[in-house]
Structures are given as structure tokens and as C-alpha cells.
Undergrad: 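Pasting a structure here, questions to come.
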Amino acid sequence: MNPTTRVSGGLLLVLALTLHACISLRNGAYSSSPLFTPNYRQVAHYQALAREQDQSLGTCAETHTCDRAHYTRALLALYESQAIAAKHFQEVIDAAPKSHLAYSSQFWLKFLQNPPTFLNPQGSFAEATERLVRDLLELETSSAQVMLREVKARDKKLEELTTQLEALKRIDQEMKEMTRPVKPPLKPPQPADKGVQP
């Protein structure tokens with residue numbers, strides 16, 4: 001085999017491997033195992049949070065918060081399945097491609113696609129990473145709870161104001177009905193005969 005054929009074959013192999021890597025990176029061959037393993041106290045809490053996030057994903061389009069809902073759901077999925085997490089991180093990018101959450105999601109997708117080989121599940125780096133994700137989840141869920149309380153308070157106030165407005169409309173209508181002018185008779189009374197004298 002001559003050197004030119006060997007180089008061409010090597011370049012074709014590199015090109016094929018690069019193309020395969022790009023395709024698998026885009027298609028996402030993500031593991032179905034969790035990235036982090038929650039302790040027994042966190043399991044029920046994270047499952048409840050995941051259900052809440054799944055519900056909020058149904059209404060997030062109305063409030064334009066789908067990127068945040070998918071991001072929080074993706075972080076929760078790191079304790080469930082890397083494939084599910086990747087799906088939600090991709091949804092963040094699709095919903096708001098220029099947001100700071102999209103940049104974070106791109107990082108997580110790359111991280112899940114090619115996790116570092118030195119990431120020992122029992123090591124301090126893995127523990128620090130998991131602790132940061134847990135803290136971020138707490139912040140996300142507490143801010144979501146604050147937003148939910150604010151929305152409920154706003155809706156309650158709006159309902160009260162609507163009720164007051166309806167009551168004022170009824171009062172206004174009643175006042176209009178009470179002050180309607182008395183209509184004069186259609187025909188004026190006939191004058192008495194001038195020819196008749198008492």
C-alpha cells in the first residue's frame with residue numbers, strides 16, 4: 001500500500017468517525033440511567049417536584065415560562081434518567097435559544113453526551129456537582145412557589161375587582177331606572193269648549 005493511499009484511507013476514516021460523532025451527538029445516545037442517585041429522603045420529594053413540573057409544562061405557554069419549566073424538569077431528571085434530562089434540556093434550547101438557560105442546557109447536553117472519565121460517583125467532584133444541582137433545584141422550586149403564590153394572589157384580586165365592577169354596574173343600572181323622566185302623555189288634554197259659559 002503506498003503512502004498516499006494510506007493517508008487517504010486515514011483521512012476517510014477520520015472523516016467517517018467525525019461524521020458519526022456529530023450524528024450521534026445530535027441524535028443523543030444518552031443513558032437511561034440517572035446521573036445522580038438521590039438519597040432515600042430525596043426520592044419522594046424529587047418525584048413530587050417532577051409531577052408539579054410536568055403539570056406546569058401543560059400551561060407554561062400561557063405564561064411564556066416553558067424554558068424555565070423544562071430546565072427545572074431537566075435538572076430533576078438528572079436523578080431519574082439522563083435521556084429524559086437531555087430531552088428537556090433540548091426543549092429549553094428550542095423554546096428560548098438565546099436565553100441563559102439555553103446556554104446552560106447546551107453545556108448539560110455536552111456533559112451528558114461526553115461525561116468526564118474522571119467523574120467517580122464517590123469522588124468529591126461528583127459530590128460537589130450533585131450538591132450544586134440540588135441547591136439550584138431548591139432555588140428554582142422556591143422561586144416557582146413564590147411566583148405561583150403571586151399569580152394566585154393576583155387572580156384572587158382580579159376576581160374581587162371583577163365582582164366589585166359587576167356590583168357597580170348593577171347599582172348604576174338601578175339608579176338609571178329610578179331617575180328616568182316621566183313621559184308626558186301622548187296627546188295633550190283637549191281645551192274646554194270656549195262657547196260654553198257657566
Undergrad: Going by heavy atoms in the side chains, are Y71 and L136 under 4.5 Å from each other?
TA: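 A side-chain contact exists here, since the closest heavy-atom pair is under 4.5 Å.
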
Undergrad: Can you hop from Y103 to V133 via hydrophobic side chains spaced under 4.5 Å?
TA: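 No, Y103 does not connect to V133 through the hydrophobic network.
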
Undergrad: According to a hydrophobic-cluster definition based on side-chain heavy atoms being under 4.5 Å apart (Ile, Leu, Val, Met, Phe, Trp, Tyr only), do I84 and F111 belong together?
TA: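 No.
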
Undergrad: If you count every heavy atom of other residues, nucleotides or ligands that lies below 6.0 Å from E166 atom CD, does the total exceed 12?
TA: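 Yes, CD of E166 has more than 12 neighbouring heavy atoms, counting only those of other groups under 6.0 Å.
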
Undergrad: Are D67 and D94 side-chain neighbours, meaning at least one heavy-atom pair lies under 4.5 Å?
TA: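 No - every pair of side-chain heavy atoms lies 4.5 Å or more apart.
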
Undergrad: Parallel, tilted or perpendicular: which fits the ring planes of W108 and F89, with parallel below 30° and perpendicular above 60°?
TA: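 Aromatic pair W108/F89 classed parallel.
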
Undergrad: With rounding to the nearest 0.5 angstrom, report the NZ to CG distance, K156 to L161.
TA: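 The NZ atom of K156 sits 12.5 Å away from the CG atom of L161.
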
Undergrad: Would R73 and E80 pass as an ion pair if we require N to O under 4.0 Å?
TA: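 The answer is yes: the pair qualifies as a salt bridge.
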
Undergrad: Please report the shortest heavy-atom distance between P97 and A102, naming the atom on each side.
TA: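 Scanning both residues, the minimum pair turns out to be O-CB, 3.5 Å.
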
Undergrad: Under the side chain to side chain contact (heavy atoms under 4.5 Å, CB included) criterion, do L158 and R154 qualify, and how do the steps go?
TA: CA-CA 6 Å; L158 185 61; R154 184 201 66 196; 5.5 Å; no

Undergrad: Quick one: pull up CD in Q173 and NZ in K169 and give me the separation to the nearest 0.5 Å.
TA: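 So the gap between those two atoms works out to 11.0 Å.
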
Undergrad: Do Q113 and Y30 have side-chain heavy atoms sitting under 4.5 Å apart?
TA: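 Yes. Closest side-chain heavy atoms under 4.5 Å.
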
Undergrad: Please round to the nearest 0.5 Å and tell me the distance separating atom CG of L75 and atom NE2 of H88.
TA: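 Between atom CG of L75 and atom NE2 of H88 there are 11.0 Å.
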
Undergrad: Grab the two heavy atoms, one from L101 and one from R68, that are nearest each other, plus how far apart they are.
TA: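 Taking every non-hydrogen atom into account, CD1-CA, 3.7 Å.
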
Undergrad: With rounding to the nearest 0.5 angstrom, report the NE2 to OG distance, H70 to S105.
TA: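 So the gap between those two atoms works out to 10.5 Å.
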
Undergrad: With the side chain counted from C-beta on, respond yes when P34 and Q82 share a heavy-atom pair under 4.5 Å apart, and no when they do not.
TA: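 No - every pair of side-chain heavy atoms lies 4.5 Å or more apart.
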
Undergrad: At what distance, to the nearest 0.5 angstrom, does CD of Q55 lie from CD of Q53?
TA: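 Going from the CD atom of Q55 to the CD atom of Q53 covers 10.0 Å.
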
Undergrad: Are any side-chain N or O atoms of T72 and backbone N or O atoms of A69, one a donor and one an acceptor, separated by less than 3.5 Å?
TA: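 Between the backbone of A69 and the side chain of T72 there is no qualifying donor-acceptor contact (under 3.5 Å).
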
Undergrad: For side chain to side chain contact (heavy atoms under 4.5 Å, CB included), just list the numbers for L109 and I93, CA-CA rounded to whole Å, side-chain angles, deciding distance to a tenth of an Å, and then say yes or no.
TA: CA-CA 10 Å; L109 286 173; I93 295 167; 3.6 Å; yes

Undergrad: Does some side-chain heavy atom of L112 sit less than 4.5 Å from a side-chain heavy atom of L78?
TA: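 SC-SC contact between L78 and L112 confirmed.
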
Undergrad: Taking side chain as C-beta onward, heavy atoms only, is I171 less than 4.5 Å from M175?
TA: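 A side-chain contact exists here, since the closest heavy-atom pair is under 4.5 Å.
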
